[in-house]
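Reading through the structure tokens given below for one structure.
Just so you know, these numbers come straight off a predicted model, no measurement behind them. Heads up: numbering here begins at 1 and tracks the sequence.
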Amino acid sequence: MSDGETDKKRRAEIDRELAKDPVIASEPREDIYGRLKIHPDRLNLRNLPMEARVLAKSWTRNDQPKPFLIYGRPRSGTTLLVRLLDQVPQIRCDGELLHYFLIDPIGFLRRLPRRAGPDLRAYGIKVISYHLMEVQRIHRPLAFFDKIAALDYAVLHLTRDTWEQTLSLAKAQATAVYFSSTDSSRQAFSIDPDRFLGLLRWNEKMLAYEHKVMAHVPHIHVHYNTDLSTSDVHQPTINRICNHLGVTSGPVTAQFKRTGGKDGLHTVDNMSALIRRVQDSDLAHLAPDLV
């Protein structure tokens, strides 16, 4: 057996192990969908008209920008990164186009850049990791990333400190406000400590899963805490990504208000209770100090 065949066989073995990862389909949901172990967005067919439109446009358009995919957990800064990249003149960056069920996700990604625009040098979308695992039911991620690599897709892996990411997700789920351009929706509320601990555990496992996948996928890593959390690092981060994509960068600026953080729109009344609950658990290493 040649070295190439051996590597291919080993890669397939790793993919089969990833397909058995316990984090798959394990998002803590306390509803009928959680009991049935099916994500509700998999049952939503609103993406099908878009899939048909992309198919139709691919017959008449053949734009050839460099395609890329932003991959990460929810509330890791993916929306901010999309908004910043979309300000670069030679880039178009769309949002969560794999959010709902697609008949042919790979075919969709193959056709998608063809209708991006004739003057664009790069075209990207963001894909939240659970979209692949639970909505599109892609449980062999290396095969998926190999297929999009064959389509010339670059991969940007975006990560964030799990405590901050989970707190941001819990706030967004509690308020149904994921981002805002004003200060008008400032709110204070409480979060159930046990529910938060379950969400934190799932997000930490999801991050570990993503790292297992990315260990075998060529990519550029972007870390929210160091590369996106403050406005002074936005431009250097976008410049680095543009260089990776082979695109001329341009000036960027954040255009909406943070919902989390000490200066954000949403604050948690029982933060001390959340910290104590996590400090008393096996995830104590993720909890910040009480102040």
Side-chain angles (χ1 to χ4, degrees), residues 65-99 116 120-132 153-187 199 203 206-207 210-211 214 219-245 247-268:
K66 169 69 175 179
F68 65 92
L69 183 149
I70 300 169
Y71 175 68
R73 296 174 297 171
R75 306 305 289 177
S76 290
T78 54
T79 297
L80 173 59
L81 186 55
V82 166
R83 295 292 183 89
L84 293 173
L85 285 169
D86 200 46
Q87 294 174 45
V88 177
Q90 294 182 338
I91 294 178
R92 173 178 170 185
C93 193
D94 286 332
E96 300 175 12
L97 300 191
L98 271 65
H99 191 117
L120 296 175
R121 295 287 305 278
Y123 172 80
I125 66 170
K126 72 171 180 174
V127 176
I128 305 303
S129 43
Y130 80 85
H131 290 168
L132 295 185
Y153 269 81
V155 176
L156 313 180
H157 183 211
L158 180 56
T159 62
R160 185 179 185 180
D161 173 87
T162 296
W163 174 273
E164 292 182 8
Q165 179 260 340
T166 303
L167 186 60
S168 178
L169 181 59
K171 289 179 178 182
Q173 290 177 341
T175 62
V177 176
Y178 286 79
F179 59 89
S180 176
S181 59
T182 71
D183 291 331
S184 60
S185 57
R186 192 172 297 277
Q187 299 181 51
L199 196 59
N203 280 311
M206 182 63 78
L207 180 61
E210 288 182 10
H211 282 310
M214 288 294 105
H219 66 281
I220 182 171
H221 181 225
V222 181
H223 186 49
Y224 177 88
N225 299 74
T226 57
D227 298 325
L228 289 173
S229 61
T230 58
S231 60
D232 61 301
V233 296
H234 290 171
Q235 193 66 61
T237 297
I238 297 305
N239 293 347
R240 177 166 65 97
I241 293 173
C242 286
N243 183 62
H244 181 76
L245 297 174
V247 172
T248 301
S249 188
V252 299
T253 182
Q255 297 176 330
F256 52 78
K257 175 73 175 177
R258 290 184 64 187
T259 56
K262 64 180 181 179
D263 299 319
L265 302 177
H266 302 152
T267 57
V268 178

When rounded to the nearest 0.5 angstrom, what is the spacing between [atom1] in [X] and [atom2] in [Y]?
X      : Y      : atom1 : atom2 : value
Arg160 : Leu207 : CZ    : CG    : 12.5 Å
Leu80  : Asp227 : CG    : CG    : 11.0 Å
Leu120 : Cys93  : CG    : SG    : 11.0 Å
His234 : Ser229 : NE2   : OG    : 7.0 Å
Arg240 : Ile220 : CZ    : CD1   : 4.5 Å
Met206 : Ser76  : CE    : OG    : 10.5 Å

Q.
For Lys126 and Leu69: C-alpha separation, side-chain torsions, deciding distance, then whether side-chain contact (heavy atoms from CB on, under 4.5 Å) applies.
A. CA-CA 6 Å; Lys126 72 171 180 174; Leu69 183 149; over 6 Å; no
Q) For the residue pair Ser168 and Arg75, what are the closest heavy atoms and their distance? A) OG-NE, 2.9 Å
Q: List the atom of Pro251, the atom of Gln87, and the distance in Å for their closest heavy-atom pair.
A: O-OE1, 4.2 Å
Q. Does the pair Leu228 and Leu84 meet the rule for a side-chain contact (heavy atoms from CB on, under 4.5 Å), with working shown?
A. CA-CA 10 Å; Leu228 289 173; Leu84 293 173; 3.8 Å; yes
Q.
Does Arg121 have more than 12 heavy atoms from other residues, nucleotides or ligands lying within 6.0 Å of its CZ?
A. no
Less than 4.5 Å apart, any side-chain heavy atom of [X] and any of [Y]?
X      : Y      : value
Met214 : Val155 : yes
Cys242 : Ile91  : yes
Tyr123 : Pro67  : no
Pro74  : Gln165 : yes
Val233 : Thr226 : no
Val268 : Lys171 : yes
Leu81  : Ile241 : yes

(Q) One pair to check against side chain to side chain donor-acceptor pair (under 3.5 Å): Ser249 and Asn239. What are the steps and the verdict? (A) CA-CA 6 Å; Ser249 188; Asn239 293 347; 2.7 Å; yes
Q: Using atom types as modelled and distance alone, determine if a side-chain donor or acceptor of Gln90 lies under 3.5 Å from a backbone N or O of Thr248.
A: yes
Q) Counting distance only, does the side-chain N/O of Glu96 pair as donor-acceptor with the main-chain N or O of Ile125 below 3.5 Å? A) no
(Q) For Arg73, run the side-chain hydrogen bond (donor to acceptor under 3.5 Å, both in side chains) check against Thr162, Asn203, Thr78 and tell me which one passes. (A)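 In the set Thr162, Asn203, Thr78, the residue that makes a side-chain hydrogen bond (donor to acceptor under 3.5 Å, both in side chains) with Arg73 is Thr162.
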Q: List the steps, then state whether side-chain contact (heavy atoms from CB on, under 4.5 Å) holds for Lys66 with Val247.
A: CA-CA 9 Å; Lys66 169 69 175 179; Val247 172; 5.7 Å; no
Q.
My understanding is that only one of His131, His219, His157 makes a ring pair (Phe, Tyr, Trp, His ring centres under 6.0 Å) with Tyr71; could you say which?
A.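 Result: among His131, His219, His157, His157 is the only option passing the ring pair (Phe, Tyr, Trp, His ring centres under 6.0 Å) with Tyr71.
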Q. When you look at Ile238 and Leu85, which way does the side-chain contact (heavy atoms from CB on, under 4.5 Å) test go after all the steps?
A. CA-CA 7 Å; Ile238 297 305; Leu85 285 169; 3.8 Å; yes
Q: Please identify each residue that fulfils ring-ring contact (aromatic ring centres under 6.0 Å, His included) with His223, with sequence neighbours left out.
A: none
